Amino acid sequence: MQVNRREFLKLSGVSAAGAAVVLFADERKALAQDLKEHRITKAKEVPTVCPHCSVGCGMIAYVKEGELLQLEGNPDSPISEGSLCPKGAASMQFAYDAVGKANPLRQLKAKYRKPGATAWEEIDLEKALDMIAERVKETRDKSFVATNKDGLTVNRNEGLAHLGSACIDNEECYLVTKLMRSLGVVYLEHHARI
Amino acid sequence: MGRTATLAAWRPDPGNPKQQVAMLVDTTECIGCKACEVACKQWNQNEYRINQELGTYQSHPSLDAQTWTLIKFIEREDEDGVNQWLMQKHNCMHCSEAGCVTACPTDALHYGDYGVVTLDQEKCIGCAYCEPACPFDAIHVDKSAFRQTAQKAGKCTLCFDRISNAMQPACVSTCPTDCIKYGDRGELLKWAYARVEQLKAMGYANANVYGDKELGGLHELYVLLEKPEVYGLPVNPTLSKRLTFWKYGLQPVGKAILGAALFGMVINWFAARRTFKGGHGPGEEAEAPASLHD
Amino acid sequence: MAVRSKVKIKKFSRAQVVFHWVYGSSWFLLMLTGMSFLWRPDPGAAAVGLGPLLQGTVGQSFRLVHRVAAIGLMASPLTWLVGDFRSLWPDLKELLRFGINDARYMLIAPLHYTFGKPALPPQGKYNGGHKVNFYVVVLTFIGFVSSGLLMWFGRGAVPDGTFHMAQIVHSTSFWLGAIMTALHIYLTAVHPFTRRALSAMTQGFVELNYAKAEHKVWVEKEIAAGTAVLVEEPGDC
Amino acid sequence: MPGLGTSFGRGAMTTSFWDIPNADVVVFMGSNAAENHPISFKWFLRAKQKGAKIIVVDPRFTRTASKADMWLPFRSGSDIAVLGGLINYAITHNKIHRDYVVKYTNASLLVNPNFKFEEGLFSGWDAQTKKYNQATWSFQTGPDGALLRDDTLTNPATVYQHIKRIYGEYTSERVSEISGISVEDFNKFAEIVTSTGQAGKSAVFAYAMGWTQHTKGVQNIRCSTLLQMLLGNVGVPGGGIAALRGHANVQGATDLAVLYHDLPGYLGQPTEAHKTLAEFLDKTTTKQSYWINKPKFMVSLLKAWYGKAATKANDFAYDYIPKMAGNATYSHYDIFQSVLDGKVEGLLCMGQNPAVGSANAKKVHAALAKLKWLVHVDLFDNETGEFWKLDGMDASAIDTEIFFLPAAGPLEKEGSFTNSHRLLQWKHKAIEPLGESRSDGWYINELGKRLKKLYASSTAAKDAPIRDLVWEYDHPEHPDDFDHLKVLKEINGYDMTTGKPVAGFGALKDDGTTACGCWIYSGVYPEEGVNKADARKRGAPNREDGWTEAKKDGSADYLHLGWAFAWPANRRILYNRASADPQGKTWGKVPLVWWDDAGKKWAGCDVPDMLPVEPGKVHAAGVPGDTPFIMKAQGMGGIWGPLADGPLPVHYEPVESPIQNPLYKQSTVPNARTFGSEHDKFGTTAEFPYVVTTYRLTEHQTSGVMTRTLGFLAEAFARPFVEISRELAQEQGIRNGGLVEVSSARGKVKVQAMVTNRVKPLKMGAKLVHVIGLPIHWGPKSGHVQGDIANTLTPQAIDVNVQIQESKVFLGNVKKA
C-alpha cells in the first residue's frame, strides 16, 4: 500500500481529529484507542549500522515489499540506544529522498570518459570491467619489477596505485588488500591517513 | 522520560484524552547537532529547503511550512565574559491557549487529545490567519507550493501518529544526548524544576523552566540556562490583542448591529406599506400627463 | 390593474449602470465567500460554527472566488471612467458637497420613509442618503482594497501586528458595508415607495413624478436647462 | 596507530564508549566529539552527569566546548608543549601513580648512557640522510641479557629521569608562551588532570584528526600515552585514550591493511631487507611479548591467500607478496608525487574523494590529470571523478581515460564495519542496489576473476601470485553480489583440512594447516553459521534512564559482551589487567579485571587482556603475571618508545609556524617530509601572518560527497565559511557574512566570513597571534550545495611515521574579497 503524503496525513489526520466532527461536537472521543496503521507498523525491520562516522550507531531500515519506507535508530543498540545524529538520520536519502522518490544525484549507470573528452558517455558495465582488467594487466606487465638489482625476488608493481576506502566494509577491504598485494601493488592506501 | 528507547516506550493513556503529554528540551545538554531537524523531516516526509543565512550555524532563518523544528544558535558572553553558545530547539509549543487555533476559520487547527494542538492539512485552506496569530512564529503556510491547493499550513504535530502507537516522537528518539524528553507533562515539570535546582547549584544562576505557565501552559517545555529573552522567547506571551479583538470583539458587535438593522428594516416595511399605498409618496403630484409632445 | 403610461427621465448613463452592477455583483460575491468565515469555531468550546463545512477544497475555492471577485471590484470604477467620463465630474462634485439640506434630509428621512411625514426638503440628483451611501462605499472600498491586498500579498512579509490590523480593517469595512448594503437593497428593492427608483439602475430612467418628489431640484434644473431627456413609456390604456 | 602501538602494543582505542561514564576527568584535545562523533558525546555527557569535569582544549569554542566545564583556546600545533607541560606538572607536583609507573611501564629501565638530547635533536642524527641511528636509544642489558632497571627511579639513566629532565623545561610560563594558554588557566587545567594520578581516579583523553593531522601527529598521541601512563590511567575503568576514528570503517580498513606499510593484523609489510619469511619474522617481531606467535599468523595469512600453492618448500609463497624498496615510502602523497613523476599511470579510486579530501588540492588535481587511466567507484559524481571539469582545467588537454562505476549505497549491501572501539558489527541488506550500482566488493571480485582469466595462460613466475590466488567469492544465489559471509569466514580463519572455522587465533598454526585472513579478527566466525558480529545480546539496563552502568560489585555487563564482536578476542577495554594492582586486586572504584585466586584465573566484567599466568610468575611467552601490556616486551608500557623521529615526543613547531621554536634551535621536526614539486610552496609570516586550521562539522563528512548530496544535510549546513575573531574582523574591516578571500602559499579560496567570539586571538608571550578556521566539506562540482575546496590551502608536509599531512595548522591570510 504505497502511502503518499496526502493519504498519510489523512490517516494521521483521521487519527488526530478523532470522532466525526459535527457542527456542535459535544465530546471528542479518545483519539488513539485503536492503533492507527501507519507507514511502518507492518514493515520489515532490517538492522544495519550507520555508514558515516565510526561510532557505529545501530540503525533500522523499515522495508515493505522491497520498498524502503523509513530509517531510524535501533533502540536495542547499546551504543546509540535508538539515537542517530543528523548524518545518520538522513541516511535514507542515500537511496530515496522521500518514499518512492530516488535521490536524483545518485549515479546508477557506468560511465566512461575518453581521453580529451569534455563529457561522460555511457558504457556497458561488463564491457567497462573488461576494459579495466585489461588496463590493470597492461600497466602491471609494463611496470613490473620481478627482482631487484641484488637478484632478490621483490614482485613489485609500481605502475598501479589503489586508494580507498575507510567507507567500505571489512570484507571489501580484505578483498582489496588480497587482490592488490597479489598484483604486487605497493601504492595501496585509504582515508586513514588524510 | 530520559532514554526510554530501550525500555518499553512510554505511551499516553488511550482511554484518557485529557492526559497532558509534553516534550521537554533540556537545552543545557543540547549540542545543536540538528538530528531532530533531519529526523522530523525524515518521518514527516517534508521537503528540504536550502535557505541558510550568512554568518551563522543555524540551518534556517525561521521555521517554515516544511521545516517543523529548528535549532536556534545564540552566540554570546555571559555576565562574567565567559563564552556561551546557547542552543534552543524551536518548534510549535502546543499552547493551551493557542493563537493559531483561535485564528483558524475552518477548525483545521484545534485542541486535539493529550493537549496536542493538531493540524489536519486536508482541512487547511491555506488562508494563513494562523501565521501572525502564533506568538512563537511556529506555523507557516507553504507559499512556495506551485498549485494553490497545495498551499497548506505546516507545523510540529508532536508526532501524534507515533505517540498514539506507543512510539516516541521522531526527534525524541533520535536525540543523541537524550536532551529532548517526552512523557507526562506533570512529571516532566517535576524533573525540569529539579534539574533547574541542580543547575543553580552548579553555578548557573539564571537557569529556569519555560512553558509551565505561558499561555495556559505549553506542551513544549524548556530548561533554559539563561532568561527566555536571551533565547528570543517571548516573556509571558499573550495572544495578540488585535487578534482577540478581531474575533471576540468586532465580530459579535458587527453581527449585532447588522441584526438590529435588518430588524429595523422589517419594522419599517410594515409601516411603509401603509404609508405609501400603491407605491405613491405623500408629496407626489397627481397623475399629470406631462406630455412630451407639447 | 392597468398600467398607466409613464413619463421617465434619464438619471444615469449606461456606463454608470454597468459600473453599479459590476461593483454590486463583485461585492455580493465577496460578501458571500468572505462572510461565511465569520462563524468561526470557538476553540475549546463545543461550537465549531461553519468551520467544518468550509474545510479543504471548499474553503480553497471560496478563497479563489474571493480573489477573482476582488479583482472585479477593484477594476469596476474603470467602467465608469472609460464609459462616461464626462458625467464623472459633475456627479462627483454634487456627491461630495454635503450641505445642511442633506443633513436635514438625513434627519427627516427615517421618519418620512416610515410615516410619510414630515416632508423632505427638496433634493438634487443625489439626495442625502445617496451621498452617505456613496461615502460609505468609497470608505469601505478603500478599507477592503488596502487590507485585502495586504492580507493577500503581505502574508508572512509584514509584521504580525500589521496583518492583524488589516484583518480588523477588513472586518470593520465589511460590517459597515454590509449594513449599508442591506439598507441600500431594502430601500431600492423592498421599500414600497423608494423601490420605484430601481429602474434608475436597470434602465437608467426613473419615473418623472417620482423624480419630482424625490429629486425636485434636479428635475427642475434639468428641464429648465433643457438637458432633461424624457421618454414616454406607453401603458396599455 | 604507531602512536598507540608503540606505547601499548596495539594501535587502537584502548577504552570503549560504555566505559567513559566512569571517568572523573574528560579531556577533549584534538577532537570535537559533540560535532564529529555526536552519539559518542552521549557517553561523555553521562560522565558529566555522574560528576566528571569536561575540559576542551581547542583553538575554537566548538559545540563540544559549549557543553564543557572549561574551554582552553590554544594555538594549534602546540599540543606537545601543553601535554609536556602536564607531564612536567605531574612529575614536579608528585602526582604520578608511582606503583603503576614502576610496575607497568618501562620507566624504570636504564637507557644507553650515550643517549643525549640537545637543542631539539636526539643522539644518532645524520643530517645527510635525515635519519636517526637508533643505536644509542637502546636499553642497558646485564651480562645475561636481562634489562637493567632501577625501581627507585633515581638512577639518572632511567627513562623516568630522562623525561623528568626533558620535560623540566616545559614550565607553565614556557607552555603559555608557546600555546597561548594563560599560566593561570594552564595551572588550573593541570591541577584537574593530574588529580587523577592515583588509584580509584581516572581521566580519559579523546582525540581525532586534531592530533593526527600534524607533522608530529604520532608524537602528539605518544605524548598523551606518556601522561596517561604516568597518571596510571590506561586500562583502568574510565581511563585510556579514546581514538575517535573519522569514517565508518577507518579501524576496519586499517586492521585489514589497505595500507602500504602493513599486512592484515598489523603483521608489517616485507621490505627488501627481509629476504626470506624467517628473516621477516625474526626482524619484525617484538620479543618477549605475545607477538612471538607471529609466525602462526603470517603463515595462516599466506595460506588464506594462496591455499595449496603456499607450501613449506616455497616459504609459504612469501615471495608472492611485493617487497618494498628499502628506503621508499608508498603513502598517499607519494602516490600523487609519483603520478607527477610519471611512475604511477593507473589509479583505482574506490569510495574516496582525494580531489577535495587530500591536502594541497591543486597538486592532487594536477596529478590526476597526468594519470593514464583512472577507475572511480562512488555513489555520486564528485570532484575526483570529474577533476577535468574543474575550473582552471583544460579538458581537451587531459588524456586521462576514466571509468566511473556506480557503487551501491550503505542500505543496499550487507557486511561489517569496525567502529572506533574495535567493535565489528554486522549490517544486513535492506533493499536491492539501485539501478546498475553494485557493491565495491563485487567490483573487486569481478576484477579479480577477470585478471585470473587474463593471466590463466601465462606461465611466467611473476604471474604466479595471480594464478595461485584463492579467489572464489561468487554469491550462491545473487549473481550481482559476492559472498560476504564466506569472506568473513576466511578473515576469521579455518582449518585447511576440515574447512571448519577456527574458534580464535589461539588455534592458528605455523605449519600451514590453518588459514586466517586477519588473526586479530579471529573468533568473529567461530563456527559454521555463527556470526558473532551479528550477536545482539546487550547488557540489561540498570538505570532509570535506560542505560547500563558499571556497578561496584562488578556484576553489571556494562560492556555488553554479548553485543557484536570486538577484536582481539572480544575484549572491550584493552590492557584491562592494569585495572588491578600487581597482585591482581582491583585498584579502581569499579572492578574491571582481577585475579580470581580460587579459580586460579583472571576474571572480570571484560574478557581479561592477559595471558593465563599468575601474578608473580612469568608466562612462557616472556610476559610476567604482574604487567598488563602483553603485546609489549615483558608486558611493560612503552613510555620510552623509539620511533623514526625520537624515543620521546618533544615540542617542534609546525612546518609553517608564526614563531621560531622557543625551546630548541631545531625548530621543526628534523625528518618531516615535504615534496619538491612546483605545487609544494610554503609561506612565511611576512606574507601569511595568521594561523589557519581546518576542521569538520556535524552536518557533513570529510569531502561532503556523502552529505552535501543528501537534501536534509545540504539544508542543515548549506554555506561554507571561514571563522574569524571579532578583533581580526575589526582589523581587516570584514563584516559578518561578507565575502572574503582566504589565501595560503598554495592557493586562494572565496568564502563568507563568520565573525564570532568563538575564535580569539592568542597572547603568546608578547606576541598576539590571530587564528582562523575553515571546514573542509565543500567542493565545486558535487551535491546540492557547492563551495570552494578548503584543502586548496593545506600543505603536503608529512609526518615521518605515518605520512599524514599537516592540515590542522599552516599560515594563511584573509582579506575582503
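Predicted model, so just to flag it, every value in this text is computed and none were measured.
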- Item | Under 4.5 Å from any heavy atom of chain D - which part of A:Ala89 | neither
- Count the heavy-atom pairs under 4.5 Å between each of A:Gly58, A:Ala95, A:Ala146, A:Gly88 and chain D, then report the option with the highest count. A:Ala95
- Do A:Ser77 and D:Trp563 have a side chain donor and acceptor closer than 3.5 Å? no
- Between A:Leu84 and chain D, which part of the residue has a heavy atom less than 4.5 Å away: side chain, backbone, both or neither? backbone
- Item | A:Ser54 side chain vs D:Arg245 backbone, donor-acceptor pair below 3.5 Å | yes
- Message: Taking the side chain as everything from C-beta on, heavy atoms only, tell me whether A:Ile123 gets closer than 4.5 Å to D:Phe404.
- Response: no
- Message: Using a 3.5 Å distance criterion without hydrogens, assess whether the side chain of D:Trp18 forms a donor-acceptor pair with backbone atoms of A:Pro78.
- Response: yes
- Task: Select one option (side chain, backbone, both, neither) describing which atoms of A:Val154 are under 4.5 Å from chain D's heavy atoms.
- Result: both
- Is D:Thr709 reaching over with its side chain to a backbone N or O of A:Leu105, donor-acceptor style, under 3.5 angstrom? no
- Message: Would A:Leu179 and D:Leu447 count as a side chain to side chain contact (heavy atoms under 4.5 Å, CB included) here? Give the steps.
- Response: CA-CA 9 Å; A:Leu179 180 63; D:Leu447 185 60; 4.2 Å; yes
- Query: For A:Ser91, is it the side chain, the backbone, both or neither that has a heavy atom under 4.5 Å from a heavy atom of chain D?
  - Reply: backbone
- Note on the structure: Value for CD (D:Glu446) from CG (A:Leu129), rounded to nearest 0.5 Å, stands at 6.5 Å
- Given A:Lys178, A:Lys44, A:Lys111, the one with more heavy-atom pairs under 4.5 angstrom with chain D than any other is A:Lys178
- Task: Compute whether any side-chain donor of one residue and acceptor of the other, for A:Asp141 and D:Tyr455, lie under 3.5 angstrom apart.
- Result: yes
- Under a 4.5 Å heavy-atom cut-off, does chain D meet the side chain of A:Glu45, its backbone, both or neither? neither
- Item | Pairs meeting criterion ring-ring contact (aromatic ring centres under 6.0 Å, His included) with involvement of residues 80-114 of chain A, two or more places apart | A:His52-A:Phe94, A:Tyr112-D:Phe403
- Options A:Ala110, A:Ala61, A:Ala117, ranked by heavy-atom pairs under 4.5 Å with chain D, top entry: A:Ala110
- Message: Quick check on A:Leu152 against chain D: is it the side chain, the backbone, both or neither that has a heavy atom closer than 4.5 Å?
- Response: side chain
- Task: May I ask you to check if A:Arg113 and D:Trp388 form a cation-pi contact, with NZ or CZ under 6.0 angstrom from the six-membered ring centre and within 45° of the axis?
- Result: yes
- Query: Is A:Arg106 paired with D:Glu412 through a side-chain N to carboxylate O contact shorter than 4.0 Å?
  - Reply: yes
- Sort A:Val63 into side chain, backbone, both or neither according to what part of it lies under 4.5 angstrom from a heavy atom of chain D. side chain
- Item | A:Gln93 side chain to D:Gly711 backbone, donor-acceptor under 3.5 Å | yes
- Message: Does any backbone or side-chain atom of D:His700 lie under 4.5 Å from a heavy atom of chain A? Answer side chain, backbone, both or neither.
- Response: backbone
- Locate the shortest heavy-atom distance separating A:Leu188 from D:Ala257; write the atom from each residue and the value. CD2-O, 3.9 Å
- Item | Leading residue by heavy atom contact count with chain D [cutoff under 4.5 Å; candidates A:Cys85, A:Ala161, A:Gly56, A:Ala133] | A:Ala161
- Task: Heavy atoms only, distances under 4.5 angstrom: which of A:Thr153, A:Val46, A:Val186 has the most pairs with chain D? Name it, please.
- Result: A:Val186
- Side chain, backbone, both or neither: which part of A:Val145 has a non-hydrogen atom closer than 4.5 Å to chain D? neither
- Looking just at side-chain N and O atoms, do A:Lys87 and D:Thr698 make a donor-acceptor pair shorter than 3.5 Å? no
- May I ask you to decide whether A:Asp76 forms a salt bridge with D:Arg536, counting only side-chain N to carboxylate O separations under 4.0 Å? no
- So, A:His190 side chain and D:Val258 main chain: donor-acceptor pair closer than 3.5 Å or not? yes
- Message: Quiz question: by atom type and distance under 3.5 Å, do the side chains of A:Asp169 and D:Ser416 form a donor-acceptor pair?
- Response: no
- Using modelled atom types only, decide if a donor and an acceptor are shared between the side chain of D:Lys323 and the backbone of A:Asn155 within a distance under 3.5 Å. no
- Message: Please tell me whether D:Ser338 and A:Glu158 have a donor and an acceptor in their side chains that are separated by less than 3.5 angstrom.
- Response: no
- Message: Whether D:Glu345 and A:Arg135 form a salt bridge (side-chain N of Lys/Arg under 4.0 Å from carboxylate O of Asp/Glu) is what I want to check.
- Response: no
- What closest approach, in Å, do A:Gly66 and D:Ile431 show between heavy atoms, and which atom pair accounts for it? O-CG2, 3.7 Å
- Min side-chain heavy-atom separation A:Met131-D:Arg450 under 4.5 Å: no
- Message: Check D:Glu272 with A:Arg156, please: is the shortest side-chain N to carboxylate O separation under 4.0 Å?
- Response: yes
- Item | For the student: nearest non-hydrogen atoms of A:Glu171 and D:His484, plus distance | CG-O, 3.5 Å
- Query: Considering only heavy atoms, which portion of A:Asn103 lies under 4.5 Å from any heavy atom of chain D: side chain, backbone, both, or neither?
  - Reply: side chain
- Message: For a quick check under 3.5 Å, do D:Trp442 and A:Glu172 share a side-chain donor-acceptor pair by atom type?
- Response: no
- Task: Give the member of A:Asp97, A:Leu108, A:Asn170 that has the highest number of heavy-atom pairs under 4.5 Å with chain D.
- Result: A:Asn170
- Task: Any chance you could measure A:Ile132, atom CD1, to D:Leu405, atom CG, to the nearest 0.5 Å?
- Result: 4.5 Å
- Mutual orientation of the aromatic rings belonging to A:His191 and D:His247 [parallel < 30°, tilted 30-60°, perpendicular > 60°]: tilted
- Note on the structure: Output for pair (D:Leu259 CG, A:Thr177 OG1), nearest 0.5 Å, gives 7.5 Å
- Working to the nearest 0.5 Å, report the span between CG of A:Leu160 and CH2 of D:Trp373. 4.5 Å
- In this structure, which one of D:Tyr330, D:Tyr333, D:Tyr260 forms a ring-ring contact (aromatic ring centres under 6.0 Å, His included) with A:Tyr187? D:Tyr330
- Task: To the nearest 0.5 angstrom, please state how far the CZ atom of D:Phe417 sits from the SG atom of A:Cys57.
- Result: 12.0 Å
- For A:Cys53 and D:His37, the nearest pair of non-hydrogen atoms, with its separation, is SG-CD2, 3.7 Å
- Message: Using a 4.5 angstrom heavy-atom cutoff, name the option from D:Leu411, D:Thr707, D:Ile321 with the most pairs to chain A.
- Response: D:Leu411
- Measure the CG-OH distance between D:Leu256 and A:Tyr174 for me, rounded to the nearest 0.5 Å. 8.5 Å
- Counting distance only, does the side-chain N/O of A:Thr48 pair as donor-acceptor with the main-chain N or O of D:Lys427 below 3.5 Å? no
- Query: Counting N and O atoms only, with roles assigned by atom type, does the side chain of D:Asp381 sit under 3.5 Å from a partner on the main chain of A:Gln107, one being a donor and the other an acceptor?
  - Reply: no
- Item | A:Ser143 portion near chain D, given a 4.5 angstrom heavy-atom threshold | neither
- Message: Can a donor-acceptor pair be found, under 3.5 Å and without considering hydrogens, that links the side chain of D:Glu699 to the backbone of A:Pro86?
- Response: no
- Query: What is the minimum heavy-atom distance between A:Ala166 and D:Ala253, and which atoms define it?
  - Reply: CA-CB, 4.1 Å
- Tightest non-hydrogen contact, residues A:Ala192 and D:Ile804, listed as O-CD1, 4.4 Å
- Item | Flag, side chain of D:Asn249 to backbone of A:Ile168, donor-acceptor distance under 3.5 Å | yes
- Item | Proximal component of A:Asn157, with respect to chain D [non-hydrogen, under 4.5 Å] | neither
